[in-house]
Asker: 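Dumping the structure here so I can ask a few things about it.
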Amino acid sequence: MTEHFTAADGARLAYRIVGDGAENIVLVHSLALDGSWFEPLAEQLGAEFRCVIPDVRGHGCSEGQPDQISLARFADDITRLLDHLAVHRASVLGISLGGMVAQAFAARHPQRVNKVVLIATAGSFNDAAREGNAARAQAALAPNGIAAMADATLGRWFGDQPQHDESISALAARAREQYLGSDPQVHAATLLSMTAVGDFQVPPDLPTLVIGGQEDVSTPRTVVEQLAAGIPQARLAFVPGGHLTAFTHPTPVAAMLTEFLAQRDPEVAN
């Protein structure tokens with residue numbers, strides 16, 4: 001069930017809760033999608049977890065204007081959500097855009113974080129990547145821009161997996177429908193906001209797991225490896241699937257995540 005809370009600036013933001021365990025983990029979704037995509041993964045994490053799954057502002061059922069979009073604002077919204085739920089600390093997992101939000105959250109609010117999981121995401125943008133996001137943002141604002149970008153975007157997200165797996169084909173069709181419903185201005189603002197991820201560093205004392213998709217053509221292995229190398233003592237692993245591996249292959253991701261979260265610091269409490 002989708003519920004709502006009020007952000008610091010008055011925006012009405014949506015979230016879901018899956019599970020009622022003692023250990024809280026925030027799951028942050030990718031660009032143009034929403035928190036509902038995490039439900040299969042959340043359901044596999046086990047009874048000890050409570051998954052807090054927001055729709056980031058401007059996505060899903062959350063309000064958000066283009067001038068309200070930034071990684072810092074997304075991160076602060078998570079803090080507001082935890083306050084709303086009376087949760088002092090939680091682990092945070094993010095995929096793609098969500099992984100950048102997770103890095104910003106850990107950097108801005110480290111006292112609220114237990115562990116960090118970063119999936120199919122980057123820790124910085126070089127000049128070429130920055131220019132690519134700027135070009136996609138500009139393209140989104142053109143007449144019928146989102147529709148014109150759909151094929152290329154879905155190709156980066158899913159590769160050729162939909163041609164070989166009916167379940168992934170269904171997910172790709174669902175993603176296409178949701179992508180086509182994106183607000184072009186919010187989409188463009190979000191693309192530009194992502195390029196600021198290098199401003200946020202995960203504190204070295206936070207246990208961190210970095211996961212890449214073995215077939216990811218959007219965030220390739222070298223980018224994921226570079227992210228992990230920049231976080232002291234981060235664990236690095238690769239799982240089957242492409243860019244949206246947490247959605248297309250929730251079982252191996254859930255197994256890896258459960259094992260990582262089980263390695264608990266006895267002094268850390270929610």
Side-chain angles (χ1 to χ4, degrees), residues 25-31 41 70-72 74-75 78 89-134 136 156-157 159 190-250 252-265 268:
I25 179 168
V26 180
L27 309 179
V28 191
H29 63 82
S30 54
L31 177 68
L41 174 63
S70 71
L71 293 181
F74 290 147
I78 294 175
R89 296 174 70 106
S91 295
V92 60
L93 175 153
I95 182 170
S96 191
L97 164 66
M100 299 175 193
V101 176
Q103 292 172 70
F105 176 60
R108 290 174 66 83
H109 307 283
Q111 74 282 3
R112 307 299 297 269
V113 183
N114 288 335
K115 295 188 176 184
V116 180
V117 182
L118 306 173
I119 303 177
T121 195
S124 63
F125 276 63
N126 61 25
D127 288 344
R130 192 180 302 274
E131 291 170 4
N133 264 39
R136 284 193 285 274
R156 288 193 300 274
W157 289 355
T190 307
L191 283 165
L192 294 176
S193 77
M194 294 165 67
T195 64
V197 66
D199 295 342
F200 305 99
Q201 302 298 319
V202 175
D205 59 332
L206 286 179
T208 302
L209 171 64
V210 178
I211 300 175
Q214 293 171 354
E215 302 167 39
D216 190 348
V217 297
S218 181
T219 306
R221 176 180 287 265
T222 54
V223 174
V224 177
E225 290 174 339
Q226 182 180 20
L227 169 62
I231 304 173
Q233 302 183 43
R235 290 179 53 186
L236 173 64
F238 289 87
V239 295
H243 189 57
L244 300 183
T245 182
F247 306 149
T248 59
H249 295 75
V253 174
M256 187 172 294
L257 181 59
T258 301
E259 186 272 335
F260 174 67
L261 294 175
Q263 299 174 1
R264 300 186 63 182
D265 180 339
V268 171

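Just so we're clear, the structure is a prediction, and the values are computed from it rather than from any experiment. For the numbers below, each heavy atom of this structure counts, side chains included, while hydrogens, waters and symmetry mates do not. Along the sequence shown, residues are numbered consecutively beginning with 1.
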Asker: Show the nearest heavy-atom pair for residues V223 and A122, with the distance to one decimal.
Answerer: CG1-CB, 3.6 Å
Asker: How about D127: does its CG atom have over 12 heavy atoms from other parts shown lying under 6.0 Å from it?
Answerer: no
Asker: Does CD belonging to Q226 count more than 12 external heavy atoms closer than 6.0 Å?
Answerer: no
Asker: Would S91 and L261 count as a side chain to side chain contact (heavy atoms under 4.5 Å, CB included) here? Give the steps.
Answerer: CA-CA 8 Å; S91 295; L261 294 175; 3.7 Å; yes
Asker: Apply side chain to side chain donor-acceptor pair (under 3.5 Å) to R108 and list each qualifying residue two or more places apart in sequence or on a separate chain.
Answerer: D76
Asker: What are the two closest non-hydrogen atoms of L41 and A246, and how far apart are they?
Answerer: CB-O, 4.1 Å
Asker: Do the non-hydrogen side-chain atoms of P240 and T245 ever get within less than 4.5 Å of each other?
Answerer: no
Asker: Which atom names give the shortest non-hydrogen contact between T121 and L118, and what distance separates them?
Answerer: CG2-CB, 3.8 Å
Asker: Rounded to the nearest 0.5 Å, what separation is found between the NE2 atom of H29 and the CG atom of L93?
Answerer: 12.5 Å
Asker: Which of these, L71, V92, I95, sits in a side chain to side chain contact (heavy atoms under 4.5 Å, CB included) with V101?
Answerer: L71
Asker: For a quick test of reading the model, state the closest non-hydrogen atom pair linking R130 to F125 and the distance between them.
Answerer: NH2-O, 3.5 Å
Asker: Looking at R89 and R112, would you say the former's side chain and the latter's main chain have a donor-acceptor pair under 3.5 Å?
Answerer: no
Asker: Quickly, which of L227, L209, V224 forms a side chain to side chain contact (heavy atoms under 4.5 Å, CB included) with L236? Name it, please.
Answerer: V224
Asker: Considering only heavy atoms from C-beta outward, does the side chain of P207 approach that of F260 to under 4.5 Å?
Answerer: yes
Asker: Can you name the residues that form a side chain to side chain donor-acceptor pair (under 3.5 Å) with S96, not counting sequence neighbours?
Answerer: H243
Asker: Determine whether F238 and E225 satisfy the following criterion, side chain to side chain contact (heavy atoms under 4.5 Å, CB included), listing intermediate values before the conclusion.
Answerer: CA-CA 10 Å; F238 289 87; E225 290 174 339; 4.1 Å; yes
Asker: Rounded to the nearest 0.5 Å, how far does CG of L97 lie from CZ of F74?
Answerer: 5.5 Å
Asker: So, the side chain of N133 versus the backbone of L192: is there a donor-acceptor pair under 3.5 Å, distance only?
Answerer: no
Asker: Got a second to check how far Q201's CD is from S124's OG, nearest 0.5 Å?
Answerer: 8.5 Å
Asker: Enter the distance from D216:CG to I119:CD1 here, rounded to the nearest 0.5 Å.
Answerer: 11.0 Å
Asker: With the side chain counted from C-beta on, respond yes when I78 and V28 share a heavy-atom pair under 4.5 Å apart, and no when they do not.
Answerer: yes
Asker: Tell me whether Q233 at atom CD has more than 12 heavy atoms from other residues, nucleotides or ligands lying less than 6.0 Å away.
Answerer: no
Asker: Looking at every non-hydrogen atom in both residues, tell me the closest pair between A90 and V26 and how far apart they are.
Answerer: CB-CG2, 4.1 Å
Asker: Using modelled atom types only, decide if a donor and an acceptor are shared between the side chain of Q103 and the backbone of G98 within a distance under 3.5 Å.
Answerer: no
Asker: Report yes or no: does T208 contribute a side-chain atom to a donor-acceptor pair with the main-chain N or O of R235 at less than 3.5 Å?
Answerer: no
Asker: Minimum heavy-atom separation for A129 and N126, please, with both atom names.
Answerer: N-OD1, 2.8 Å
Asker: Sequence neighbours excluded, which residues qualify as side chain to side chain donor-acceptor pair (under 3.5 Å) partners of Q214?
Answerer: none
Asker: For the residue pair H249 and V239, establish whether any side-chain heavy-atom pair is separated by less than 4.5 Å.
Answerer: no
Asker: Measure the shortest side-chain to side-chain distance between F105 and M100 over non-hydrogen atoms and say whether it is less than 4.5 angstrom.
Answerer: no
